[in-house]
There are 2 protein chains.
Amino acid sequence: MEFSSKLLEKAVAEMSHLPGIGKRTALRLVLHLLRQPKQQTESLSEALLNLRQTIKFCEQCHNISDTSICDICSNGFRDGSQVCVVEDIRDVMAIENTGTFKGLYHVLGGKISPIDGVGPQDLKIESLVNRVNSGAVKELIFALSSTIEGDTTNFYIFRQLNGSEVKVSTIARGIAVGDELEYADEITLGRSIQNRIPFESAIKS
Amino acid sequence: MEFSSKLLEKAVAEMSHLPGIGKRTALRLVLHLLRQPKQQTESLSEALLNLRQTIKFCEQCHNISDTSICDICSNGFRDGSQVCVVEDIRDVMAIENTGTFKGLYHVLGGKISPIDGVGPQDLKIESLVNRVNSGAVKELIFALSSTIEGDTTNFYIFRQLNGSEVKVSTIARGIAVGDELEYADEITLGRSIQNRIPFESAIKS
């Protein structure tokens, strides 16, 4: 791509560093900004800079936060004895949207994945173990994605907690509500039969 | 979507003002920036701001440029008697990439489209007419997209030039090089038969 303007070329190059944004899309986005009032570009730049320069991570759960302890951790109405272990903030948002979990979170920041060069020391695992050992946590709920990396991470944490009395559970996997059995994959369907639950508890939820 | 951080919420909101970027994609992009070194966000913001605040449009052809007359218009080796009329800078880049056109451009900035509220006065049509009337232009080549809006714009400009001696042509429409006739749409195939060219000129190009 040949540009008639160095400024345009630079802006497109920077924009196309974002994941999933190629040169063409970057050019489309940048030309869009040029057609809009200056304030739009200014407030976009300012919001990104502000976020990147002043964002904090909660000292307890490592979730993205404006304060050193996040709103969830500092909420006295939440149950500090239950901690849900997730990969990143998007998982926290997804679970919060369900409105069914009133405990706290622990954001690992990823999964153990040797292929991507991510080891246990790159994640907030030590801090989770310390949190459990401090005694306030009675139950850990693993909610990582059910991939090899997720399972490995679950198992690694489980081993690290050896000797601790904390109860460890994992979220239920099964056929989604409203889905047809016919179209479910075998592993999910198999697991949902193995991990069947008493009908009484199903009709209560 | 509920955010645990106002800064994050603001950045996602600004990002999702870009065309084709929804809330989820915006969140993904912003979280990516948070995982990268600070410099990446800083240089992205700076490049966008720099572009938006200092970009110029060429006074002659209205293309995006770092200077008041763009590199193409100020290039003495180019043929000022031919002017190709295009919609925006992406069309200029596409034609420049072919390496077959040595004339100048005129960037209209859009097409006449009453449905989008774009009238002739919103485009650089008057400036094109003035450019033609000044006498240096011998041939105008319309290269707008072949939609109703593009055809309307071509026709409007053609009418405005009434009385001028400029030659007006339009780029050839036809079956793409390498395409099978079988899969071509009827209008394109029909036009390419109507506008057939002498075989001698085809083998020369």
Side-chain angles (χ1 to χ4, degrees), chain A residues 1-15 17-21 24-25 27-36 38 40-58 63-67 70-72 88-90 92-93 96-97 105 109-110, chain B residues 1-15 17-21 24-25 27-38 40-58 63-67 70-72 88-90 92-93 96-97 109-110:
Chain A
M1 246 187 216
E2 289 248 0
F3 289 90
S4 58
S5 150
K6 291 276 170 237
L7 290 167
L8 181 65
E9 187 169 6
K10 174 83 177 134
V12 169
E14 287 295 336
M15 199 65 129
H17 286 157
L18 293 174
I21 307 245
R24 267 168 202 274
T25 308
L27 179 59
R28 192 165 54 84
L29 297 179
V30 168
L31 291 180
H32 170 85
L33 284 175
L34 280 178
R35 280 193 298 269
Q36 302 299 311
K38 271 188 194 171
Q40 185 171 337
T41 309
E42 285 163 4
S43 55
L44 170 63
S45 300
E46 203 186 336
L48 292 179
L49 272 182
N50 257 344
L51 173 73
R52 192 63 190 85
Q53 288 172 339
T54 64
I55 196 73
K56 291 188 182 70
F57 292 89
C58 172
N63 194 7
I64 292 172
S65 167
D66 294 347
T67 46
C70 76
D71 289 352
I72 296 176
D88 72 11
I89 185 176
R90 280 175 290 186
V92 175
M93 289 165 67
E96 284 297 287
N97 275 341
Y105 294 92
Chain B
M1 246 188 219
E2 288 249 359
F3 289 91
S4 58
S5 151
K6 291 275 170 236
L7 291 167
L8 181 67
E9 187 170 6
K10 174 84 177 134
V12 169
E14 287 295 336
M15 200 64 129
H17 286 156
L18 293 173
I21 307 242
R24 266 168 203 274
T25 308
L27 179 60
R28 191 165 54 82
L29 297 179
V30 168
L31 291 179
H32 170 84
L33 284 175
L34 280 177
R35 279 193 299 269
Q36 302 300 311
K38 271 188 192 171
Q40 185 170 338
T41 309
E42 285 163 4
S43 55
L44 170 63
S45 299
E46 202 186 337
L48 292 179
L49 271 182
N50 257 345
L51 174 75
R52 192 62 188 86
Q53 288 173 339
T54 65
I55 197 71
K56 292 189 180 67
F57 291 89
C58 173
N63 194 6
I64 292 171
S65 167
D66 294 346
T67 46
C70 76
D71 289 352
I72 297 176
D88 72 12
I89 186 176
R90 281 176 289 185
V92 174
M93 290 166 67
E96 284 296 286
N97 274 341

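Only this structure's heavy atoms are used, side chains among them; waters, hydrogens and symmetry mates stay out.
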Assert top hit (heavy-atom pairs under 4.5 Å, partner chain B, pool A/N50, A/V30, A/L33) equals A/L33
Evaluate side chain to side chain donor-acceptor pair (under 3.5 Å) for B/E42 paired with A/Q53, printing each intermediate quantity in order.
CA-CA 9 Å; B/E42 285 163 4; A/Q53 288 172 339; 3.1 Å; yes
CG-CE distance between A/L51 and B/M15, expressed to the nearest 0.5 angstrom:
10.0 Å
Side chain from CB out, backbone as N, CA, C, O: work out which of these in A/I89 comes under 4.5 Å of a heavy atom of chain B, or both, or neither.
side chain
For B/S5, the option from A/T67, A/D71, A/D66, A/N63 that meets side chain to side chain donor-acceptor pair (under 3.5 Å)
A/D66
Which of A/E14, A/R52, A/H17 touches chain B most, by non-hydrogen pairs under 4.5 Å
A/R52
Max heavy-atom pair count under 4.5 Å with chain B, selected residue of A/E96, A/R28, A/R35
A/R28
Residue part contacting chain B, namely of A/L27, when any heavy atom lies under 4.5 Å
side chain
Between A/Q36, A/K38, A/Q40, A/K10, which shows the greatest number of heavy-atom pairs under 4.5 Å with chain B?
A/K38
Of the backbone (N, CA, C, O) and the side chain (C-beta and beyond), which part of A/H32 lies under 4.5 Å from a heavy atom of chain B, both, or neither?
side chain
Chain A shares the most heavy-atom pairs under 4.5 Å, among B/P37, B/A13, B/G20, with B/P37
If I compare all heavy atoms of B/L29 with all of A/P19, which pair ends up nearest, and what's the gap?
CD2-O, 3.5 Å
For A/E46, which atoms come within 4.5 Å of any heavy atom of chain B: side chain, backbone, both, or neither?
neither
Which residue out of A/V92, A/T25, A/L31, A/N97 racks up the most heavy-atom pairs below 4.5 Å with chain B?
A/L31
As an exercise, state the distance from CG of B/L7 to CG of A/L49, rounded to the nearest 0.5 Å.
11.5 Å
Hey, which of A/I72, A/V12, A/L18 has the most heavy atom pairs under 4.5 Å with chain B?
A/L18
Residue set satisfying side chain to side chain donor-acceptor pair (under 3.5 Å) with A/R90, at least two apart, ordered chain then number -> A/D88
Specify the closest pair of heavy atoms between A/A11 and B/A47, including all atoms of both residues, with the distance to one decimal.
CA-CB, 3.9 Å
List in chain and number order the residues that pass side-chain contact (heavy atoms from CB on, under 4.5 Å) with A/F57, two or more places apart in sequence or in another chain; answer none if no residue qualifies.
A/I55, A/I64
